[in-house]
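So the structure is just underneath, and the comments pick up after that.
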Amino acid sequence: MSKDPLLYYRDLGDNNRPVLCLLHGLFGSSSNWMGIVRRLQQDYRIIVPDLRNHGRTPHRDEMNYPVMVEDLMQLIDSLELPSLSLLGHSMGGKVAMCAALSQPERIDKLIVADIAPVAYGNRFASIFKGLGEMPLEQLQNREEADSYLSKSVPDQGVRQYLLQNLVKQEQGWVWRFNLNILQCALPSLSGFPEIGQSVYPGDVLFIHGEKSDYLNNDALKVIQRCFPHNRRRMIHGAGHWLYAEQPDQFAQAVISFLK
């Protein structure tokens, strides 16, 4: 584990292997990927950062896709990597697509998990409500936190994902992510920046969950325009958090595409 001035990151696997960088989604962190890392690190050197305002990366007031791409490129430069492959889920997938469209020469191959380069409506209102109303100063333990959060977030798997970010410090319980800044930035994060008529010429795999509706017909038209050399793979029995719900299927799709 290492710490960069901008992004905290984990550097795993053999340095002589091809490099793959994994980018987590909103409310996530590098730790979300560890199950996938175990399935991939025999064949790849894997870089897993905590994106801006998430995990162990320092908090900053500015939060949008261009600055997140800048963070990523600074990390890649600090590791002295001329290029690498990117795998991003949800918000991390949008960071990965922005990086590929703006600096295609730095991205060997691109894998995007359950997201498209389009704007989505606010799907996180109940989550922000539950997180914001959590009485952190009164919490006794994680079980209590789970009980509070269940009123706004009924899905236990999603609650477990969110509660990975709840940590106890000397002053009490705190969220690792920067909740206020994420909420303010949500309109920007739900959208996708205008990158002109940019087209990524490399190979792209879009992986989507069978039970997810993020890759609809309108999204597929935009994908085809921006990423003409794309292919798609559906993960059976999975929704939006497909790599956690079906990790073996997901890892196999990644390995097949990269090889």
Side-chain angles (χ1 to χ4, degrees), residues 1-4 6-10 12 22-38 46-64 68 71 88-95 113-115 122-190 209 238-247 250:
M1 296 184 187
S2 306
K3 196 171 183 180
D4 182 79
L6 279 183
L7 297 182
Y8 171 91
Y9 67 98
R10 304 169 192 243
L12 305 153
L22 310 183
L23 305 177
H24 63 77
L26 185 65
F27 305 119
S29 71
S30 55
S31 63
N32 299 146
W33 285 114
M34 289 305 102
I36 298 301
V37 168
R38 285 192 292 274
I46 303 181
I47 310 298
V48 200
D50 288 344
L51 295 173
R52 177 178 288 231
N53 290 313
H54 290 78
R56 292 176 172 86
T57 287
H59 292 177
R60 287 180 170 79
D61 290 340
E62 194 174 9
M63 185 72 181
N64 56 58
M68 295 167 83
D71 292 347
H89 171 247
S90 201
M91 179 191 75
K94 286 190 172 183
V95 175
D114 216 66
I115 202 73
N122 181 4
R123 300 181 176 216
F124 300 99
S126 62
I127 290 178
F128 275 111
K129 181 176 185 293
L131 297 174
E133 292 179 352
M134 181 78 68
L136 295 174
E137 65 285 347
Q138 299 171 23
L139 282 185
Q140 300 298 314
N141 50 51
R142 289 184 175 278
E143 290 72 22
E144 216 172 85
D146 183 66
S147 178
Y148 276 114
L149 197 56
S150 67
K151 300 166 189 172
S152 299
V153 185
D155 187 299
Q156 185 180 17
V158 176
R159 291 202 307 276
Q160 289 175 344
Y161 170 81
L162 295 167
L163 290 171
Q164 287 183 42
N165 296 282
L166 186 65
V167 293
K168 192 167 190 179
Q169 299 181 345
E170 285 185 16
Q171 70 272 30
W173 294 93
V174 297
W175 294 115
R176 272 219 170 100
F177 44 58
N178 190 341
L179 185 60
N180 290 337
I181 291 297
L182 294 182
Q183 189 156 19
C184 291
L186 190 60
S188 173
L189 298 178
S190 297
H240 184 57
W241 276 273
L242 61 181
Y243 67 89
E245 296 169 23
Q246 298 290 345
F250 185 88

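Numbers here simply count residues along the sequence, with the first being 1.
Ring planes of His54 and Phe177: perpendicular class, angle over 60° (limits at 30 and 60°). Ring geometry, His89 versus Tyr243: the interplanar angle exceeds 60°, so the pair is classed perpendicular (tilted spans 30 to 60°).
If you take OG on Ser126 and CG on Leu149, they are separated by 9.0 Å, rounding to the nearest 0.5 Å. Here Asn141 contributes atom CG and Leu166 contributes atom CG; the two are 10.0 Å apart, rounded to the nearest 0.5 Å. Here the CD1-CG distance, from Ile127 to Leu182, works out to 11.5 Å after rounding to the nearest 0.5 Å. For the atom pair CG of Leu131 and CH2 of Trp175, the computed distance is 5.0 Å after rounding to the nearest 0.5 Å. Atom CZ in Arg60 sits 4.5 Å away from atom CG in Leu6 (nearest 0.5 Å). Residue Leu189 holds its CG atom at 6.5 Å from CE of Met91, rounded to the nearest 0.5 Å.
Partners of Arg159 under the salt bridge (charged side-chain N to carboxylate O under 4.0 Å, His left out) rule, at least two apart in sequence or in another chain, are Asp146. Residues satisfying the side chain to side chain contact (heavy atoms under 4.5 Å, CB included) criterion with Gln171, sequence neighbours excluded, are Gln169, Val174. Every residue meeting the salt bridge (charged side-chain N to carboxylate O under 4.0 Å, His left out) condition with Lys129, not counting sequence neighbours, appears here in chain and number order: Glu133. Partners of Ser31 by side chain to side chain contact (heavy atoms under 4.5 Å, CB included), not counting sequence neighbours, listed by chain and number: Arg10, Ser29, Gln164. Listed by chain and number, the residues in a side-chain hydrogen bond (donor to acceptor under 3.5 Å, both in side chains) with Asn53 are Asn178 (sequence neighbours excluded). Qualifying side chain to side chain contact (heavy atoms under 4.5 Å, CB included) partners for Ala244, counting only residues two or more places apart in sequence or in other chains: none. Every residue was checked against the salt bridge (charged side-chain N to carboxylate O under 4.0 Å, His left out) condition with Arg38, not counting sequence neighbours, and none meets it. Qualifying side chain to side chain contact (heavy atoms under 4.5 Å, CB included) partners for Asp61, counting only residues two or more places apart in sequence or in other chains: Ile181. Looking at residues two or more places apart in sequence or on another chain, you find no side-chain hydrogen bond (donor to acceptor under 3.5 Å, both in side chains) involving Glu137.
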Original post:
Should Val167 and Arg56 be marked as a side chain to side chain contact (heavy atoms under 4.5 Å, CB included) after you check the CA-CA gap, both sets of side-chain angles, and the distance that decides it?
Top reply: CA-CA 11 Å; Val167 293; Arg56 292 176 172 86; over 6 Å; no
Subject >> side chain to side chain contact (heavy atoms under 4.5 Å, CB included) evaluation trace for Ile46 with Ile36 >> reply: CA-CA 10 Å; Ile46 303 181; Ile36 298 301; over 6 Å; no
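Residues Arg52 and Glu62 have side chains in contact (heavy-atom distance under 4.5 Å, counting atoms from C-beta outward). Under the 4.5 Å side-chain criterion, counting only non-hydrogen atoms from C-beta, Glu245 is not in contact with His240. Between Pro49 and Leu23 the shortest side-chain heavy-atom distance falls below 4.5 Å.
Annotation: ring-ring contact (aromatic ring centres under 6.0 Å, His included) contacts involving residues 132-173, sequence neighbours excluded, comprise Tyr161-Trp241.
Minimum interatomic distance between Gly92 and Leu51 (heavy atoms only, all atoms of both residues): CA-CD1, 4.3 Å. Considering all non-hydrogen atoms of both residues, Tyr8 and Ser30 come closest at CE2-OG, 4.1 Å.
With Asp71 contributing its side chain and Leu7 its backbone, the two residues share no donor-acceptor pair below 3.5 Å. A donor-acceptor contact shorter than 3.5 Å links the side chain of Arg142 to the backbone of Leu163. Here the side chain of Ser188 pairs no donor or acceptor atom with the backbone of Asn64 at under 3.5 angstrom.
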Return a table of donor-acceptor pairs under 3.5 angstrom between the side chains of residues 150-157 and protein atoms on other chains or two or more places apart.
| unit_1 | atom_1 | unit_2 | atom_2 | d |
| --- | --- | --- | --- | --- |
| Ser150 | OG | Ser147 | O | 2.6 |
| Asp155 | OD1 | Gly157 | N | 2.8 |
| Asp155 | OD1 | Val158 | N | 3.0 |

